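These notes are about the structure you will find just below.
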Amino acid sequence: MTEKSDLIIFFINHHFVFCFNLRRLVMFLLLKWINLSIYANSGFFQDPAIRTSILTDQDMHYTLLLFLLLLSGAFLLILLAQKLKISYPLFLVIAGLAISYIPGIPVVSIDPDVIFLVFLPPLLYEAAWYTSFTEFLKWKRAISLLSFGLVICTSVIVAFAACYFIPGFTLPLGFLLGGIIAPPDAVAAASVLKSVKVPKRVLTILEGESLINDASSLIVFRFALAAVITGQFSFHQAALSFLVVTVMGIITGLAVGQLIYLKHKYLSTSANIDAAFTLVTPYFMYLLAEQFHFSGVMAVVSGGLLLSHRSHETFNSGETRLQTVNVWSTLVVMLNALVFILIGLELPVIMKGLHGYSVAEAWRYGFLISLIVIIVRFLWIYPATFIPRILFKSIREKEANPGWKGPFLLGWAGMRGVVSLAAALSLPAFVNGETAFPHRNLIIFIAFVVILVTLVLQGFSLPFLVRAIKAEEIDPVASAEKEEAELRLRLLHVALKEIEDKFYSEVEKNRFIHNLRNDLQNRVTITADKLESMLGEDIKESELEFYNKAVIRIYEAQRNELFHIRKQRLFSDATIRKEENQIDLAEARLNPHRH
């Protein structure tokens, strides 16, 4: 009996030792993965000059707790931004700047490879998923002129300007900076513009531009980075390589996207597994393309567009689609918050590493480059809008005249965001593993200033500008309410036809089928009446708003009743949750949001 007890105690002790060491090992690998190099300006560590390579268990707890607190603070700022109807990236960039000035905050140095590999594929994939392929094709000329033409133009002008104004700056470094700050951020613009009325054409072009110019600017970034590292650059060779890596990246993305589509369609699993599988999809696309030295960025974008366009076939259950949307919405918010927290934690290192430049000079260069970026966008927008109309009669006949208001909004909506910041942070610390990367800290700081200036200046002023110029729809666009009513009516007729064709004999015998037909007929009558009043234009916008508010109040009353029912324990929790889910779905149909 004693031997058995000793044996049990032996296993228990070793089990706890193993669990403790495993937990410690996981924590260490997690922190090592993002390569946090922590310095003791907080006094928590003894020597601020020594790079911490092995963290104690207490150190890891402290760092993780601090990181979670900062992440929670970022989430609260996002909630505040949504309440105030302000672009949440604007709050995040200000928070990033504020974090760097918190007394005692640990200073970090981020592994550049982590930024590019971990952050960019999902951010690009999510942008591609929510881009309408039909609208993208409709405005492909305008999107292409902005995504490729403006990116290259911006990169060239920024390169020469930086080379001229910044002492010691070379042309390849200028192109590197241009490639980083060239692409505007659709999330920043959309989060501002969704609270005001803007022409649908403007929103569509902004979203399409942001998707493709992320890819094109990162390709420019890649070639400029290679030129800085190797010290060699050939325009003809770069142009040919640009074409090859772009085209082959697209082909790779489409091939992987097709395989993923077949997997989702024919190897259906649970909603949880399907949603989880979408998280690894962009990494498959990116890594496979990069393995063959193609553009991983273009692979993610093209594959994402393909899967987005075929999403109605990809997922064969509504539960999977709902869960996937929720997972990705959460992930993108976390990635945005995380990137701005990381720049805030690294800013002190960056400012201390501005060798040969003062912080004031770096701010001045950042403001100057920001001004150049804003002006170049306006100088490009108007010729790119009107010259094709002047040259081609078919464009004038096919497209309504955009006027000056739409292009002006496009020009002012060029806020930079998380992709530019992630690209800047991905700059390697060393060239060939030996020499420090030239002006790395200055480039990152300038990119941060450009993001800060464009988000604060343009992000704050854009809603007021939209209301001031009162830009109206220039293309025939039906209201969202009319489109929803028409679509719902069409689907209800399909449902009724299916009952009449396939289940007609059951209508009188099966009371459930009978009640279903009656319910569908009632919904057809209600929807048709609603649509008729809209088409007759005898319904005011205020009436629709009041209707939506009334329905939301009804849903709130139903939720409160479910809460009381739960307290009374009259029904099982599973049944109550199911009814809550139905109310949530009905409310989502009433007031859908993209993110």
Side-chain angles (χ1 to χ4, degrees), residues 87 89-90 92-94 96-97 142-143 145-166 169 171-189 192 202 205-206 209-221 224 340 343 361-385 407-425 427 439 442-462 465:
S87 172
L90 189 153
L92 290 180
V93 72
I94 295 176
L97 181 62
I143 291 172
L145 286 172
L146 292 173
S147 301
F148 292 101
L150 181 55
V151 163
I152 295 173
C153 179
T154 302
S155 300
V156 170
I157 294 177
V158 167
F160 281 97
C163 191
Y164 179 78
F165 287 110
I166 304 176
F169 229 65
L171 203 57
L173 288 174
F175 274 102
L176 193 61
L177 177 60
I180 290 171
I181 63 176
D185 182 21
V187 174
V192 174
V202 173
I205 293 175
L206 273 175
E209 176 204 0
S210 178
L211 174 65
I212 303 300
N213 68 11
D214 283 345
S216 59
S217 66
L218 290 173
I219 294 175
V220 172
F221 168 85
F340 283 103
I343 187 63
E361 286 177 321
W363 277 104
R364 186 166 66 249
Y365 297 144
F367 286 131
L368 180 63
I369 297 298
S370 301
L371 183 62
I372 291 172
V373 165
I374 293 171
I375 292 174
V376 167
R377 184 171 177 85
F378 273 105
L379 292 178
W380 180 272
I381 285 283
Y382 280 96
T385 301
F408 188 82
L409 291 179
L410 278 174
W412 196 247
M415 291 93 77
R416 272 57 183 177
V418 66
V419 172
S420 294
L421 187 55
L425 291 173
L427 288 174
H439 303 292
L442 180 62
I443 293 173
I444 295 175
F445 190 82
I446 291 175
F448 178 78
V449 173
V450 172
I451 295 168
L452 178 67
V453 170
T454 55
L455 280 175
V456 172
L457 176 63
Q458 296 174 298
F460 265 127
S461 59
L462 187 56
L465 187 65

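In what follows, residues are counted from 1 in the order of the sequence shown. The shown structure was predicted, so the numbers you read here are calculated from the model rather than taken from an experiment.
- Contacts of F169 classified as ring pair (Phe, Tyr, Trp, His ring centres under 6.0 Å), with partners at least two apart in sequence or in another chain: H439.
- Side-chain contact between L442 and L173: absent, with no pair of heavy atoms (C-beta onward) separated by less than 4.5 Å.
- Remark: F165 pairs with no residue by the ring pair (Phe, Tyr, Trp, His ring centres under 6.0 Å) rule, at least two apart or across chains.
- With hydrogens and angles ignored, the 3.5 Å screen pairs a side-chain donor or acceptor of R416 with a backbone N or O of A182.
- For V202, the side-chain contact (heavy atoms from CB on, under 4.5 Å) test picks out P199, L206, L409, L410, with sequence neighbours left out.
- The two residues G174 and V158 make their nearest non-hydrogen contact at O-CG1, 4.1 Å.
- Under the side-chain contact (heavy atoms from CB on, under 4.5 Å) criterion, S147 pairs with I143, E209, I212, N213, not counting sequence neighbours.
- Of all the heavy atoms in A413 and L462, the pair that sits closest is CB-CD2, 4.1 Å.
- Here the CD1 atom belonging to I205 is positioned 10.0 Å from the CG atom belonging to L145, to the nearest 0.5 angstrom.
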- Task: Evaluate side-chain contact (heavy atoms from CB on, under 4.5 Å) for I166 paired with I446, printing each intermediate quantity in order.
- Result: CA-CA 11 Å; I166 304 176; I446 291 175; 3.8 Å; yes

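- When all heavy atoms of I372 and A161 are compared, the pair lying nearest together is CD1-CB, 3.5 Å.
- Side-chain contact check for L455 versus F460: every heavy-atom pair is 4.5 Å or farther apart.
- Residues meeting the side-chain contact (heavy atoms from CB on, under 4.5 Å) test with F367, sequence neighbours left out: W363, V449, V453.
- A distance of 14.5 Å separates CD1 of I181 from CZ of F448, quoted to the nearest 0.5 Å.
- Residues I374 and L457 form a side-chain contact, since some pair of their non-hydrogen atoms from C-beta on lies under 4.5 Å apart.
- Of the possible donor and acceptor atoms, none in the side chain of S217 sits under 3.5 Å from a partner among the backbone N and O of I180.
- Residue L425 holds its CG atom at 5.5 Å from CD1 of I444, rounded to the nearest 0.5 Å.
- Applying the 6.0 Å contact sphere to OH of Y382 captures more than 12 heavy atoms from other residues, nucleotides or ligands.
- What you find for F445 and A362 is that their closest heavy atoms are CD2-CB, 3.5 Å.
- Shown here for L218 and A423, the closest heavy-atom pair between the two residues is CD2-CB, 3.8 Å.
- C153 is linked by a side-chain contact (heavy atoms from CB on, under 4.5 Å) to I157, V376, W380, counting only residues two or more places apart in sequence or in another chain.
- For the side chain to side chain donor-acceptor pair (under 3.5 Å) condition, no pair includes a residue of residues 153-163, sequence neighbours left out.
- Counting heavy atoms from C-beta on, the side chains of I94 and L452 come closer than 4.5 Å.
- For the atom pair CD1 (I369) and CG (L177), the distance works out to 5.5 Å, reported to the nearest 0.5 Å.
- The aromatic rings of W412 and F408 lie parallel to each other, their planes meeting at an angle below 30°, with 60° marking the opposite boundary.
- A distance of 6.0 Å separates CZ in R377 from CG in L146, rounded to the nearest 0.5 Å.
- Shown here are the ring pair (Phe, Tyr, Trp, His ring centres under 6.0 Å) partners of F221, two or more places apart in sequence or in another chain: F116.
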